A.B. asks: 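The structure under discussion is supplied below as structure tokens; questions concerning it will follow.
All ligand and atom numbering here is 1-based and tracks the order in the structure. Every value quoted in this text rests on a predicted model; they were computed, and no experiment measured them.
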Amino acid sequence: MTASQIIEKYIKFFESRDHIRIPNSSLVPENDPTTLFTSSGMQPLVLYLLGGKHPAGKRLVNVQNCFRAQDIEEIGDNRHTTFFRMLGNWSLGKPASQKTTSRGGYFKAEQIPWLWEFLTDRLKLPVEKLYVTIFNGFNDIEKDNESYEIWKEIFEKAGLDAREKISFYGVDKNWWSRAGLPQNMPAGEPGGPDTEIFFDFETEHDKKFGQKCHTNCDCGRYLEIGNSVFMQYQKKSDGSFVELPQKNVDFGGGLERLLAATENQNDIFQTSLLSPVIKTIEKITRKTYDENKEKIRIIADHFVASSFIISAGVIPSNKEQGYILRRLLRRSLDSLFQLESSDISPIIKIIVEQYKNTDGKLAKDFEKIKNVILEEQQSYNQTQKKAKEFMHKKYPPLPAGPLRSEASRKVGDELMGISKISAEDAFILYSTHGLSPSQIKSLGYTFDDRAFANKMEEHQKLSREGAAQKFAGGLADTNTQTIMGHTATHLLHQAIRDVLGDHIHQAGSNITSQRVRFDFNYDKALTEEEVKKIEEIINKKIKENLPVHFEMLPLEKAKDIGAIGLFDEKYEDNVKVYFIGGSTSSPQEAYSKEFCGGPHVNFTGELKRFTIFKQENLGRGLRRIYANV
Ligand code: SER
């Protein structure tokens, strides 16, 4: 049975029980600033679960594309994926007094037997392989005996021992809300107990996960394939729970997991949906899945997720969805690189092929997806190249270059291609070159993690102080556009010097959210060609996505390394110097070093296009430029 056939059977099953199919919502939620991605089928339905009237009625069914950024670090095992499709069905409220009617809301007595029928009759999952868990109670919220009675009858009818099949767990396992545990839920959030259904692969228990295996054990033997949340409570601002005016059912089942169960394949990545992707990765890397499971799973999962995210209109950046996309891409490119390949096109092609029956837009967006990933690959290569150049100046080159096998890394010392570097340098790679600690390690460097964490804390403290100072300095207008304007001014200052000569210096500036104004010593009009050159340099620097950071330096040192800017006598000992690229230890690497209070963007890529739209003669040998960014 293919993934598309499961979808078809599922929709049909619930449509024949009077559910109306609702469309898949965008992966990037519209009009919901509280969350970056759609991570469950119920997310677009919260208003209706709280009591709003849904135009399609009380019984809904759909397939929702979901992405869970919080699972990024989990990827590598046999069952987690950041992107998945959730089969959902909902009953939007059954008033306690009302009997179930064909189009009305329903509750446990209907939903649990339907789910069982779908799994065992339509998907033909063997009954003896299914197990369930039920909520054991928490504070004033009772143990779910009602679900127990329903499940008991079902198992007994199937000739199975209910005591073996049903287990009770507390809030940590059998309570569901978008925020997780009851104590983590914000006021107003709906949630409730759930009953979960598991498929038993009968694999051996791994004692790493506890002495004894059990239904909700993490060892991988049992896979959760569905979750019926009885969404009937809402958190109040005093921390207590009230019953919602309506009792809802919110069922969600991961399609990829249901497919794994129907194929009795305990590795999601080996199912008919994802195994062609794995095979393609094996082919282009010429490495076997068996020996490189974790890396190949990361590549497969992250490329699938990235393809869907790019298709939803996101591009890599250092903010919000763009930042998550960048993280996914860089993690997967790291793994691909470690397997000595960089050929991304066949991977995207096979992903598009595997999902085209259900997600045709992916195929239409193939070129776009490919180009966005290629661009990110280039920008990441650039970042890594700069980082390596910086490191090679300080440390002897690594014997085997950056590509070392996992085995050599495990033996791990200088001889085997690992170089121990100082936490300071690791921090420069992080703050100046934009590499995460794990990316630095994947380049073959080790460092003292604790000392690195201390550096990070110190840096954050400085940033906070910097922010306070900036406030005291009267930089009142700090919206994103103005912050971008500040960084653009530094780029402009340097670019003007590149084009007109080093005798040019800033005579003043003024930044609003509409434009950047910049004054400098020059007594004639800039030619069209000069204007074009300046714009080109700046736009190139934006494209290079250079990291921007500051360092507090003694005034003399700042002048020594060639920092420019309007130095002011009132700043005595230490001055704040912003670097665009480079740092004090590699000042020649920096494109711009300028004395400034800030604030600035973190990476030049956050700026849009830089254009000069006007210039004026101010007299007294001064010129003024206006620009947009
Ligand atoms: N909201 C629940 C989940 O995400 C069931 O749909 O698991």
A.B. asks: With heavy-atom distances below 4.0 Å as the criterion, list the atoms of ligand 1 near Met42.
C.D. replies: 1 (N)
A.B. asks: Kindly list each side-chain donor-acceptor pair under 3.5 angstrom involving residues 232-241, sequence neighbours excluded, with atom names and distances?
C.D. replies:
| from | atom 1 | to | atom 2 | distance (Å) |
| --- | --- | --- | --- | --- |
| Gln234 | NE2 | Gly188 | O | 2.8 |
| Lys235 | NZ | Pro182 | O | 2.8 |
| Lys235 | NZ | Met185 | O | 3.0 |
| Asp238 | OD1 | Ser240 | N | 2.9 |
| Asp238 | OD1 | Ser240 | OG | 2.7 |

A.B. asks: Under 4.0 Å from a heavy atom of Ser40: which atoms of ligand 1 are those, numbered in the order shown and with their elements?
C.D. replies: 4 (O)
A.B. asks: Have a look at ligand 1 and work out which part of Glu224, if any, has a heavy atom under 4.0 Å from it: side chain, backbone, both or neither.
C.D. replies: neither
A.B. asks: List the closest protein heavy-atom neighbour of atom 1 (N) of ligand 1: residue, atom name, distance to the nearest 0.1 Å.
C.D. replies: Asp250 OD2, 2.7 Å
A.B. asks: Please compare Phe251, Trp90, Trp176 and report which has the shortest non-hydrogen distance to atom 3 (C) of ligand 1.
C.D. replies: Trp176
A.B. asks: Got a salt bridge between Arg331 and Asp301, using NZ or NE/NH1/NH2 to carboxylate O under 4.0 Å?
C.D. replies: no
A.B. asks: Could you check whether Asp334 pairs with Arg330 (Lys NZ or Arg NE/NH1/NH2 to Asp/Glu carboxylate O, under 4.0 Å)?
C.D. replies: no
A.B. asks: Return a table of donor-acceptor pairs under 3.5 angstrom between the side chains of residues 203-212 and protein atoms on other chains or two or more places apart.
C.D. replies:
| from | atom 1 | to | atom 2 | distance (Å) |
| --- | --- | --- | --- | --- |
| His205 | NE2 | Gly210 | O | 2.7 |
| Asp206 | OD1 | Lys208 | N | 3.0 |

A.B. asks: Identify, by atom number and element, the atoms of ligand 1 in contact range of Val229, meaning under 4.0 Å from any of its heavy atoms.
C.D. replies: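 The list of qualifying atoms is 2 (C), 5 (C).
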A.B. asks: Among Phe107, Trp90, Trp175, whose ring-ring contact (aromatic ring centres under 6.0 Å, His included) with Phe230 holds?
C.D. replies: Phe107
A.B. asks: Counting from 1, what ligand 1 atoms have a heavy atom of Gly252 closer than 4.0 Å?
C.D. replies: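 Counting atoms of ligand 1 from 1, those under 4.0 Å from Gly252 are 5 (C), 6 (O).
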A.B. asks: Judged by non-hydrogen atoms, does Arg68 sit under 4.0 Å from ligand 1?
C.D. replies: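 Within the 4.0 Å threshold, so yes.
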A.B. asks: Measuring from non-hydrogen atoms of Met231 to any atom of ligand 1, is the shortest distance under 4.0 Å?
C.D. replies: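 For ligand 1, residue contact (heavy atoms, under 4.0 Å) with Met231 is absent.
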A.B. asks: Salt bridge between Glu282 and Lys287, side-chain N to carboxylate O under 4.0 Å?
C.D. replies: no
A.B. asks: Can you classify the ring geometry of Tyr10 versus Phe251 as parallel (below 30°), tilted (30 to 60°) or perpendicular (above 60°)?
C.D. replies: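 Because their plane-to-plane angle lies in the 30° to 60° range, the rings of Tyr10 and Phe251 count as tilted.
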A.B. asks: Tell me which protein heavy atom sits closest to atom 7 (O) of ligand 1, plus the residue, atom name and distance to 0.1 Å.
C.D. replies: Asn227 ND2, 3.0 Å
